[in-house]
Participant: 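To start, I am sharing the structure in question, which I have written as structure tokens.
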Amino acid sequence: MTSFDSSPQFNVWRTLLALAIVLVMLATSGWTAARHQRGDTNQLQRALNAWSDGRFQGKALPEADAPSAELARFFASLSRAQRLDLAERYPLAVGNMNGAPPKLRYRANRIALKEAVGVERERTRDHRLSTEGRQEADRRMHRFLSLLHPKRHVLAFDPAGRGRVAEVFGNLDRAARVSVVVPGVDTDVLTYERTYGAFSAPAGMAKSLYKAERAQRVGGLPRSASGAPRVAVIAWADYTSPAGIGVDAVTAKRAEDGAVRLSNLVRSLPGKKSVALYCHSYGSVVCGVSARDLPSRVTDIAVAGSPGMRAANAAQLGTEARIWAMRDQDDWIGEIPNLELAGVGHGTDPVSAEFGARVLSARGAAGHAGYFEPGTESLDNFARIGVGAYQTLRCAAGTNSCYHDAEDVVSA
């Protein structure tokens, strides 16, 4: 999302007008049926179909969408050579399979990324495409090449459509706590990372949070040989976000689809480590919708620049996780009316007193996209949540009890 130049009052009226238009569209245009028309089966679905039809040692392979615990047991029963063989035969399927070991998914996704690079390279040379089409293919090819860097760990990858990706920073197997960054609108493979405005893109957000968590010298987490807390951060751009501020951005359809994927990810993480979610903008809608179905290992849900969480108050989210909220005073989303009418709008403002979240300082964030910028109180607060150092959090101005009854994590 980008900042508006017009006055806050004009923004309010423009938003109200947009909501009215959306209501008319919902009532008269038949857009829902059109949105759900499917074209040819995409690459990932073809890979999953091949897996379903495959045989291993004379037996059918387990269902790709089986519970992650069942898939984890299946992969654990195999030798290393057998696991690698499956990753090479079905890279896109294994690379997106909750329950497969993270390192095997990284390897499978490297194979899938190399194949995707080849596809996009051919498209750059295909003169049946428009100039714009070939240019987009070139951008996608270079994005995939970037993700192929040897030190990158791609946990999920789907090249179809706008594309989806999830990446791990840190050691997911050894981490004592895991943080998951859930971004908002206009997230796809091309916007996943940026050279300019790096900390407003999912990869930059997660990398910044990972560095800030490792710099913490408070909290009781187990530490590495360097003295840094053993943490991992996932940049989770593995759902189809709304494209721009349109119908999808003011309704819950994309959030509902994303919530299922987010819950499946959390359930599949190795071990029993606790998880914190950091949900920016429309990502907070995803987290709000998913909250009720998330496992108890999710101890914290922190939202920033939120348009609402599809709930009237924190209790309605139906989770035992601590709910944290922040918004910079310059964030334009504060001018968006917090309402829900006929499925349009996302409900009560999470930083309002009536919502009942623990409100944190976001000083220094400077607008809607600055919450993960180094040097901000917003990032520092996120990092302290990530390592379980609750008693050192900085509350929003005018409050001093945001961390009441939140005990610091103490290592065993």
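Here, residue 1 is the first one in the sequence, and each next residue gets the next number.
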Participant: Is the shortest heavy-atom distance from the side chain of Ile301 to the side chain of Cys279 under 4.5 Å?
Facilitator: yes

Participant: Without swapping roles, check the side chain of His280 against the backbone of His368 for a donor-acceptor pair under 3.5 Å.
Facilitator: yes

Participant: Verify whether one side chain among Arg267 and Ser263 offers a donor that lies under 3.5 Å from an acceptor in the other.
Facilitator: yes

Participant: Going from CZ on Arg89 to CG on Leu61, what distance comes out if it is rounded to the nearest 0.5 angstrom?
Facilitator: 7.0 Å

Participant: Distance alone, cut at 3.5 Å: any donor-acceptor contact between the side chains of Ser200 and Arg194?
Facilitator: yes

Participant: Would you check if the side chain of Asp238 reaches a backbone N or O of Arg164 as a donor-acceptor pair within less than 3.5 Å?
Facilitator: no

Participant: Which heavy atom of Ala365 sits nearest a heavy atom of Asp328, and at what distance?
Facilitator: N-OD1, 3.7 Å

Participant: For a 4.5 angstrom cut-off between non-hydrogen side-chain atoms, does Asn313 reach Thr348?
Facilitator: no

Participant: When rounded to the nearest 0.5 angstrom, what distance separates CG in Asp85 from CG in Leu78?
Facilitator: 9.5 Å

Participant: Under a 3.5 Å cutoff, is there a donor and acceptor pairing between the side chains of Arg363 and Thr376?
Facilitator: no

Participant: List the steps, then state whether side-chain contact (heavy atoms from CB on, under 4.5 Å) holds for Leu86 with Gln82.
Facilitator: CA-CA 6 Å; Leu86 286 176; Gln82 289 171 331; over 6 Å; no

Participant: Donor-acceptor check, side chain of Asp188 to backbone of Gly163, threshold 3.5 angstrom: yes or no?
Facilitator: no

Participant: Any side-chain to backbone donor/acceptor pair from Arg177 onto Ile385? Under 3.5 Å, distance only.
Facilitator: yes

Participant: Name the orientation class of the two ring planes belonging to Trp51 and Tyr90 (parallel below 30°, tilted from 30 to 60°, perpendicular beyond 60°).
Facilitator: perpendicular

Participant: Measure from the side-chain N and O atoms of Arg297 to the backbone N and O of Leu269, and report whether any donor-acceptor pair falls under 3.5 Å.
Facilitator: yes

Participant: Is any side-chain heavy atom of Val178 closer than 4.5 Å to one of Val231?
Facilitator: no

Participant: Heavy-atom distance under 4.5 Å between the side chains of Leu209 and Tyr278, does that happen here?
Facilitator: yes

Participant: Taking atom types as modelled, is there a side-chain donor on Arg152 or Ser146 under 3.5 Å from an acceptor on the other?
Facilitator: yes

Participant: Looking only at the side chains, is there a donor atom on one of Ser284 and Ser306 sitting less than 3.5 Å from an acceptor on the other?
Facilitator: yes

Participant: Between Arg162 and Thr187, is any side-chain donor less than 3.5 angstrom from a side-chain acceptor?
Facilitator: no

Participant: Taking all heavy atoms of Pro91 and all of Glu115, pick out the closest pair and write down the distance.
Facilitator: CG-OE2, 4.0 Å

Participant: Please determine, by modelled atom types, if Asn98 and Arg105 share a side-chain donor-acceptor pair under 3.5 angstrom.
Facilitator: yes

Participant: Could you go through the salt bridge (Lys or Arg N to Asp or Glu O under 4.0 Å) check for Asp138 and Arg121 one step at a time?
Facilitator: CA-CA 7 Å; Asp138 184 70; Arg121 181 175 284 116; over 6 Å; no

Participant: Quick check against the 3.5 Å criterion: does Tyr210 have a side-chain atom that pairs as donor or acceptor with the backbone of Val168?
Facilitator: no

Participant: Determine, step by step, whether Val285 and Arg310 satisfy the side-chain contact (heavy atoms from CB on, under 4.5 Å) criterion, reporting the C-alpha distance in whole Å, the side-chain angles of both residues, the deciding distance to 0.1 Å, and the verdict.
Facilitator: CA-CA 6 Å; Val285 185; Arg310 306 294 294 188; 3.6 Å; yes

Participant: Classify the side-chain pair Tyr390/Arg322 by whether it contains a donor and acceptor separated by less than 3.5 Å.
Facilitator: yes

Participant: Give a yes or no on this: more than 12 heavy atoms of other residues, nucleotides or ligands lie within 6.0 Å of atom NZ of Lys273.
Facilitator: yes

Participant: Ser179 and Glu213: side-chain donor and acceptor closer than 3.5 Å?
Facilitator: yes

Participant: Are Asp248 and Tyr282 close enough that a side-chain donor and a side-chain acceptor fall under 3.5 Å?
Facilitator: no

Participant: May I ask you to decide if Arg214's main-chain N or O and Arg217's side chain share a donor-acceptor pair within less than 3.5 Å?
Facilitator: yes

Participant: Would you say the side-chain atoms of Ser290 pair up with the backbone N or O of Cys287, donor to acceptor, closer than 3.5 Å?
Facilitator: yes

Participant: When rounded to the nearest 0.5 angstrom, what is the spacing between CG in Leu113 and CG in Leu145?
Facilitator: 9.0 Å

Participant: Can a donor-acceptor pair be found between the side chains of Arg384 and Thr392 at a distance below 3.5 Å?
Facilitator: yes

Participant: Any heavy-atom pair between the side chains of Lys114 and Phe144 that's under 4.5 Å?
Facilitator: no

Participant: Indicate whether the side chain of Asn381 and that of Glu377 have a donor and an acceptor atom separated by less than 3.5 Å.
Facilitator: no

Participant: Tell me, with the steps shown, if Ile323 and Phe355 meet side-chain contact (heavy atoms from CB on, under 4.5 Å).
Facilitator: CA-CA 10 Å; Ile323 307 299; Phe355 190 79; 4.3 Å; yes

Participant: Check whether Arg140 reaches the backbone of Leu190 with its side chain - one donor and one acceptor, N or O, closer than 3.5 Å.
Facilitator: no

Participant: Testing Glu193, Glu136, Glu120 for salt bridge (Lys or Arg N to Asp or Glu O under 4.0 Å) with Arg143, which one passes?
Facilitator: Glu193

Participant: If only atom types and distance count, is the side chain of Asn96 paired as donor or acceptor with the main-chain N or O of Phe157 below 3.5 Å?
Facilitator: yes

